[in-house]
Amino acid sequence: MKYYIVSGEASGDMHGALLIEQLRQKDASAQVRAWGGDRMEQAGATLVKHYRSLAFMGFVEVVRHLPTILANMRICKEDIAVFQPDVLVLIDYPGFNMRIARWAHKQGFRVVYYIAPQAWAWKTARVHKLRRSVHQLLVILPFEEAFFSQYHIPTTCVGHPLLDAIARRPTFSKEERLQAWQANAAQPVVALLPGSRQQEIATMLPLMLAAVNPQEQKIMVAMAPSQNRGFYQKIIGEQSITLLESSTYELLEVADAALVTSGTATLETALFGVPQVVCYRGSSLSYWIARRLVKVSYISLVNLVLDREVVTELIQHDLTPARLRRELDYCLSASGQKWFQAGYQQLRRELGGAGASQKAAQIIHQEASSA
């Protein structure tokens with residue numbers, strides 16, 4: 001069977017890689033062509049374009065890069081048409097993938113959307129476009145199946161693939177990790193996860209650095225796979241900060257607290273049991289537009305799944321070094337640790353167990369077989 005997969009971010013690359021591994025177990029002769037990243041390529045996909053050239057965030061930024069986005073969309077359509085896949089799998093990345101879905105459906109391709117657009121949060125009109133464009137919608141959050149099903153979209157909740165990724169990681173003791181990084185075990189380890197895109201890292205990392213104390217804390221920054229060390233080093237300067245490449249999960253295994261840019265990383269941090277502060281700041285215009293469109297009370301997946309505030313969210317003007325420092329102190333306190341662990345236990349119960357990638361692969365393989 002021939003599978004064409006499109007993802008446009010680091011998280012999509014990870015989920016896509018897990019999916020490809022499961023597809024190859026079900027279909028030994030699978031041909032996979034993809035837009036993604038290093039992980040998908042390592043899993044056996046022929047990579048058409050890397051997500052580092054696709055990741056634009058915010059309304060203003062998207063408009064500024066519109067010619068590039070439109071050119072990429074044209075390239076993607078042409079490549080799909082030449083490859084003639086048995087099934088097209090779209091992973092998250094809705095601004096791009098929704099348009100590809102509509103085009104592909106008109107061309108007669110079978111379309112499976114894996115990790116649905118967050119239409120329950122904003123842009124409800126996307127629901128109707130999904131109904132007209134996809135054969136199967138595979139969702140990963142427990143409340144999404146009921147939401148999309150009410151619009152008569154064939155929807156299956158497969159569970160969250162992060163549980164698969166975390167379950168598969170090699171485990172080491174905290175002492176072994178710290179020794180390998182030449183870190184002082186007596187100091188609390190504070191993880192900084194400033195995001196995956198250059199523009200968000202350039203905004204978030206200086207704010208995070210201004211809130212920590214490298215003299216009393218071991219500060220470690222998780223580098224995004226798509227960025228180079230020199231980019232981070234220019235922001236950090238001469239400060240005593242450790243940069244970790246391709247080691248986010250290893251860092252979360254030993255971290256005592258974390259400052260995390262809103263996104264998938266907030267859920268990853270919670271699943272490792274690390275107390276955290278969720279951070280977000282965008283351009284003033286992008287934030288103004290989002291405030292008028294978004295319908296949910298929270299931005300972090302942790303709070304959204306639990307429908308209550310377990311992790312503090314510092315957004316836009318609330319995101320200051322002083323406020324970050326105060327919330328970080330709470331994360332490191334005994335009462336803070338107790339609060340977070342209770343909330344995270346409930347989160348794990350809500351998300352269920354591992355197996356999302358396997359379930360998704362089974363449905364996608366069935367779709368390809370019926371093409």
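- What you find for Ile20 and Ala43 is that their closest heavy atoms are CG2-O, 3.4 Å.
- The shortest distance between side-chain heavy atoms of Cys331 and Val277 falls below 4.5 Å.
- Under the 4.5 Å side-chain criterion, counting only non-hydrogen atoms from C-beta, Gln136 is not in contact with Ile364.
- One distance of note links CG of Leu70 with CD1 of Ile75; it measures 11.0 Å at 0.5 Å rounding.
- Arg33 is listed as a side-chain neighbour of Val48, based on a closest heavy-atom distance under 4.5 Å.
- Cluster membership check: Leu192 does not share its hydrophobic cluster with Leu267, using side-chain heavy-atom separations under 4.5 Å among Ile, Leu, Val, Met, Phe, Trp and Tyr.
- The two atoms that bring Asp86 and Ala368 nearest to each other are CB-O, 3.8 Å, heavy atoms only.
- Closest approach of Leu130 and Pro117 over heavy atoms only: CD1-CD, 4.1 Å.
- Atom CZ of Arg39 sits in a sparse spot, with 12 or fewer heavy atoms from other residues, nucleotides or ligands closer than 6.0 Å.
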- Message: Using side chain to side chain contact (heavy atoms under 4.5 Å, CB included), reason through Leu271 and Tyr344 one step at a time and then give a plain yes or no.
- Response: CA-CA 7 Å; Leu271 291 174; Tyr344 290 166; over 6 Å; no
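- Residues Pro225 and Tyr51 have side chains in contact (heavy-atom distance under 4.5 Å, counting atoms from C-beta outward).
- Within the 4.5 Å cutoff, side-chain heavy atoms of Glu245 are placed close to those of Arg229.
- Of the possible donor and acceptor atoms, none in the side chain of Gln341 sits under 3.5 Å from a partner among the backbone N and O of Pro275.
- The backbone N or O of Val112 lies less than 3.5 Å from no partner atom in the side chain of His135, so there is not a single donor-acceptor pair.
- With Tyr113 contributing its side chain and Asp92 its backbone, the two residues share a donor-acceptor pair below 3.5 Å.
- Take Thr242 and apply the side chain to side chain donor-acceptor pair (under 3.5 Å) test, not counting sequence neighbours, and it matches Lys218.
- The minimum heavy-atom distance linking Leu306 with Gly343 is given by the pair CD1-O, 3.6 Å.
- Two different hydrophobic clusters hold Val260 and Ile201 under the rule that ILVMFWY side chains link at heavy-atom gaps under 4.5 Å.
- Gln227 places no side-chain N or O within 3.5 Å of a backbone atom of Arg197 that could act as its donor or acceptor partner.
- Rounded to the nearest 0.5 angstrom, Leu304 CG and Glu144 CD are separated by 10.0 Å.
- The CZ atom of Arg281 lies 14.5 Å from the OG atom of Ser262; values are rounded to the nearest 0.5 Å.
- Linking Ile, Leu, Val, Met, Phe, Trp and Tyr whenever their side-chain heavy atoms come within less than 4.5 Å puts Val6 and Phe83 in one cluster.
- Of the inter-residue distances, the one linking Leu205 atom CG with Ile236 atom CD1 reads 5.5 Å to the nearest 0.5 angstrom.
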- Verdict with reasoning, Tyr249 to Ile166, per side chain to side chain contact (heavy atoms under 4.5 Å, CB included): CA-CA 8 Å; Tyr249 284 5; Ile166 291 171; 3.9 Å; yes
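- Between Ala222 and Pro194 the shortest heavy-atom distance is O-CD, 3.9 Å.
- In the hydrophobic cluster analysis, where Ile, Leu, Val, Met, Phe, Trp and Tyr join through side-chain heavy atoms closer than 4.5 angstrom, Val32 is grouped together with Ile100.
- At a threshold of 4.5 Å between non-hydrogen side-chain atoms, the residues Tyr330 and Ser335 count as touching.
- In this structure, Trp35 has its ring center at least 6.0 angstrom away from the ring center of Tyr93.
- Looking at heavy atoms from C-beta onward, Val134 lies out of side-chain contact with Leu90 at the 4.5 angstrom threshold.
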Could you list the donor-acceptor pairs under 3.5 angstrom formed between side-chain atoms of residues 149-158 and any protein atom two or more places apart in sequence or on another chain?
residue, atom, partner, partner atom, Å
Ser149, OG, Glu145, O, 2.7
Gln150, NE2, Phe147, O, 3.1
Thr155, OG1, Ile153, O, 2.8

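- Using a 3.5 Å distance cut-off with no hydrogens or angles, the side chains of His15 and Asp164 do not pair a donor with an acceptor.
- In this structure, the side chain of Arg99 engages the main chain of Gly95 through a donor-acceptor pair within 3.5 Å.
- Within the 3.5 Å criterion, the main-chain N or O of Leu332 finds no donor-acceptor partner in the side chain of Gln337.
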- Message: What verdict does the side chain to side chain contact (heavy atoms under 4.5 Å, CB included) test give for Glu253 and Arg169, after you've listed the backbone C-alpha separation in whole Å, the side-chain angles of each residue and the deciding distance to 0.1 Å?
- Response: CA-CA 10 Å; Glu253 280 185 330; Arg169 77 192 190 283; 2.9 Å; yes
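- Within the 4.5 Å cutoff, side-chain heavy atoms of Leu244 are placed close to those of Trp181.
- A donor-acceptor pair is defined here as one N or O able to donate and one able to accept, closer than 3.5 Å; no such pair exists between the side chain of Lys129 and the backbone of Arg102.
- One distance of note links CD1 of Ile235 with CE of Met204; it measures 11.5 Å at 0.5 Å rounding.
- Gln107 places no side-chain N or O within donor-acceptor distance of the main-chain N or O of Ala81, the cut-off being under 3.5 Å.
- Leu251 and Leu243 fall into different hydrophobic clusters, where Ile, Leu, Val, Met, Phe, Trp and Tyr side chains are chained together by heavy-atom contacts under 4.5 Å.
- Across all non-hydrogen atoms, the minimal contact from Pro188 to Asp256 is CA-OD2, 3.3 Å.
- The closest side-chain donor-acceptor pair between Gln22 and Ser357, if any, does not fall under 3.5 angstrom.
- Using modelled atom types, no side-chain atom of Arg326 and backbone atom of Arg323 make a donor-acceptor pair closer than 3.5 Å.
- Heavy atoms from other residues, nucleotides or ligands lying under 6.0 Å from CD of Glu350 number more than 12.
- For Asp27 (side chain) and Met1 (main-chain N/O), a donor-acceptor pair under 3.5 Å exists by modelled atom type.
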- side chain to side chain contact (heavy atoms under 4.5 Å, CB included) evaluation trace for Val190 with Leu328: CA-CA 9 Å; Val190 177; Leu328 177 59; 4.1 Å; yes
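- Distance check, rounded to the nearest 0.5 Å: CG of Asp13 to CE of Met40 gives 6.0 Å.
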